[in-house]
Amino acid sequence: MHWADHTAMRLTEQYGPQVIASGITPSGEFHIGHLREILTAEMIHRACLDAKIDSEYIFIVDSMDPLRRVYSFLSDEYEKYIGYPLVNIPAPNPDGSPSNEGKNYANHFLGPFLESLKEIGVYPRVVMNHKTYEDGEFAEKIDLAINNKEKIHEIIENISGRELPEDWFPYNPIGSDGSMDGVRVTGYERPYVFWTDKHGIDGRSDIRKADGKMPWRVDWAARWGIHGITCEPAGKDHGASGGSFDTGIPICKLLGSEPPGKMVYEWIQLKGSGPMSSSSGNTIGPIEALDLVPPEILRYIIARTKVKKHIDFDTGPSLFETADEYERLVSNPPSGEGLSKKKKVAKDTILGSLRLSQVNRGEDPSKSIAGVSFRHLAMLAQIKSRDQDIWDSLNNSKHIDGEPNESLVGRLSRMRNWIEGVHFPDDARIRIQGQISEENKQKLTEQQKLFLSELSSEFESCEWTENRVNELIREITMKIGIGRREGYVALYLLILGTDYGPRIASIITELSRKQIMQIFSKSL
RNA sequence: GGGUCUGUAGCUUAGUCAGGUAGAGCACCGGGCUUUUAACCCGGGGGUCGCGGGUUCGAACCCCGUCAGACCCGCCA
């Protein structure tokens, strides 16, 4: 059974209607690591719906979280905003300076991310956490937390093993300058928390408004209750023993609600360069990824991997493999009756992955495939600059019949982006040689050289079409009595510098006659 | 130091929660395809399931130990 279906099944044994949640702090550029948070939750949500269980998927944006430090992509001017809720900070300009155009920091990073979520078929109910404070929905929990301050203090110290300061308080008010840093609580009288800030100014915060927020570990536990969350997969950072999940569970109960079960997912890493982090700049954004990878493949990468396994995200060679695997599985899905228990499990898991990889829930996966492998398309895209030539070629090779489908058109345009960019794998790149290398020239037999020179003289005036070129290759190899294979090898050595390659006639005719003649004349 | 996860064919991995003689893809090798030599079809070799113990009639799977890697324990998905 697929992990999402399995989780859905477990959830229904425990709760009624489901509220599946994700939560992310918009402190910087979103990256595909965040996509795992989102998709893990969203796939469980879909699995619930598919099992005819009431379910809602919410995406909680931690817009009330304070700016912790001046990240590398921010200018020094942000120093003054440290401790401010992200929603109250101006968005950065491209040069990192704060903008005056009225957009806030949280929305600045959130907007593009929500756009890419649409592209992968994720439509959450977005909850801005500052709104929840503003609307007074936290008030009851804040009151309870303050009245149980000692108990919460104890829970956090016991479970996390870290020591909290003597004057720790489960509510951080915003001071007179807008920052939550250095604000000392001096008293509480519902609904007001009284404080003195770092400038020595006194004030009060209304717990029914966004005048402050609870610290992370308490905030998280409280919101589980407020939104009735039944499942919120957490990154392994929160999942560590003594981490915020472990303290959240008893705190949530203390605040009068039933916590969700613990579920922890592994991180996505960039192949070879470790974990992703918005602040270190080691990221691939969802937009960048969607520029190269079709959305269903991106979903498939997450869907096929067990939640507790880390994913090496790689835009290089393994992307071919994953994409072709997807293509193959969709066009030839596992089937069969009377399988052994294990085979049946494997079959159901794969079918689940394919089902959950669809951009539109419930859509037939066969609509999402292009009918041609990534590898083949990569080859065609490199040797043919006109899309129509590619469709013709694919018709010819019987990959498609007639016009390309929407999926294929999208694949080709992404493929072209990929080829032009830095992520395209070297060994898939076709490089036209200016002339044959000395080393490769040594490899040619006398007959192969004869073949090339005869071909060269025919090329001077022949019809410049794939068919004609192919015919010539056939005719000349026959004429001088060498195997066709040998003829092809000679051409590959000459034009690509390797002894194998894609259909050479396409490459030859894609290049101009002049270019080809130059290679020949320089090499022979 | 404390903790979590991972370790199965050259590579990516399924199977571990409910124990019943290791399954797939890629790559590789061989064959076929008389316009596809990065296409397509067929076939093949390849694994002491990290290591050592234990429980069991039987262990990749359960238990104990051990090694290696990744990560968490201020913030981070």
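Letters A, B, ... mirror the listed sequences (proteins, then strands); counts begin at 1.
Contact check on A:Glu471 versus A:Arg468 returns a salt bridge, with a Lys/Arg side-chain nitrogen under 4.0 Å from an Asp/Glu carboxylate oxygen. We find that A:Arg223 and A:Asp62 are joined by a salt bridge, their nearest charged nitrogen and carboxylate oxygen being less than 4.0 Å apart.
Listed candidates were B:rC76, B:rA77, B:rA39. Nearest to the side chain of A:His31 is B:rA77. Minimum atom distance to the side chain of A:Lys236 is reached by B:rC71, of the listed B:rC71, B:rA39, B:rU13. The side chain of A:Arg328 approaches B:rG25 more closely than any other nucleotide in the set B:rG25, B:rC5, B:rA77. Taking only side-chain atoms of A:Ile24, from C-beta outward, the nucleotide of B:rC75, B:rG25, B:rA77 with the closest atom is B:rA77. With B:rC75, B:rG7, B:rA39 as the candidates, the nucleotide lying closest to the side chain of A:Trp216 is B:rC75. Comparing B:rU16, B:rA77, B:rC26 by their closest approach to the side chain of A:Glu321 singles out B:rC26.
For B:rG1, the paired nucleotide is B:rC73, the pair qualifying as Watson-Crick or G-U wobble because both relevant distances are below 3.5 Å. In a base pair of the Watson-Crick type (N1 to N3 plus N6-O4 or O6-N4) or a G-U wobble (N1-O2 and O6-N3), with each distance short of 3.5 Å, B:rU66 is matched with B:rG50. When Watson-Crick and G-U wobble pairs are counted only if both distances are under 3.5 Å, B:rA14 pairs with no nucleotide at all.
Taking the P atoms as reference points, B:rG30 lies 46 Å from B:rC63, given to the whole Å. For the C1' atoms, the distance from B:rA60 to B:rG15 is 8 Å, rounded to whole Å. For B:rG44 and B:rC57, the P atoms lie 38 Å apart once the distance is rounded to whole Å. Between B:rG54 and B:rU12, the two P atoms lie 32 Å apart (nearest whole Å). To the nearest whole angstrom, the two P atoms, one in B:rA9 and one in B:rG50, are 8 Å apart. Remark: the separation of the C1' atoms in B:rA18 and B:rC62 is 12 Å, to the nearest Å. Across B:rU8 and B:rG3, the matching P atoms stand 25 Å from one another, rounded to whole Å. Across B:rU66 and B:rG19, the matching P atoms stand 26 Å from one another, rounded to whole Å.
In this structure, a donor-acceptor pair under 3.5 Å is absent between the side chains of A:Thr477 and A:Tyr488.
By the 5.5 Å and 30° criteria, A:Trp267 is stacked with the base of B:rA77.
Atom CG in A:Leu472 sits roughly 15 Å away from atom P in B:rU35 (whole-Å rounding). When rounded to the nearest whole Å, the span between CG of A:Asp246 and P of B:rG3 equals 13 Å. We find that CD of A:Glu266 is positioned 12 Å from P of B:rU13, with the value rounded to whole Å. Spacing between atom OH of A:Tyr265 and atom P of B:rU4 amounts to 20 Å, rounded to whole angstrom units. Atom CG in A:Leu491 sits about 16 Å away from atom P in B:rU36, given to the nearest Å. Put simply, NZ on A:Lys306 is 11 Å from C1' on B:rC17, counting in whole angstrom units. With rounding to whole Å, A:Arg36 atom CZ is found 12 Å from B:rC5 atom C1'. Remark: P of B:rG74 and CH2 of A:Trp168 are 16 Å apart, rounded to the nearest angstrom.
Between A:Thr25 and B:rA77 there is a side-chain polar atom (N or O) within less than 4.0 angstrom of OP1 or OP2. Between A:Lys309 and the phosphate of B:rA14, there is a side-chain N or O to OP1/OP2 separation shorter than 4.0 Å.
The 5' end of RNA chain B is approached more closely, in terms of each residue's nearest nucleotide, by A:Arg304 than by the other of A:Gln382 and A:Arg304. Checking A:Gly23 against A:Ile504, the closest nucleotide of RNA chain B that is more toward the 5' end is the one next to A:Ile504.
Put simply, the side chain of A:Glu232 never gets that close to the backbone of A:Ser22: no donor and acceptor are under 3.5 Å apart.
A 6.0 Å sphere centred on NZ of A:Lys449 holds more than 12 heavy atoms belonging to other residues, nucleotides or ligands.
A ring pair (Phe, Tyr, Trp, His ring centres under 6.0 Å) with A:His238 is found for exactly one of A:Phe245, A:Trp220, A:Trp267, A:Tyr265, namely A:Trp220.
Note on A:Leu35: nothing from the nucleic acid sits closer than 4.0 angstrom, heavy atoms only. Across all strands, A:His376 comes closer than 4.0 Å only to sugar-phosphate atoms, never to a base (heavy-atom distances). A:Tyr492 comes within 4.0 angstrom of a base, heavy atoms only.
How far CD1 of A:Ile156 is from CD1 of A:Ile251: 4.0 Å, rounded to the nearest 0.5 Å.
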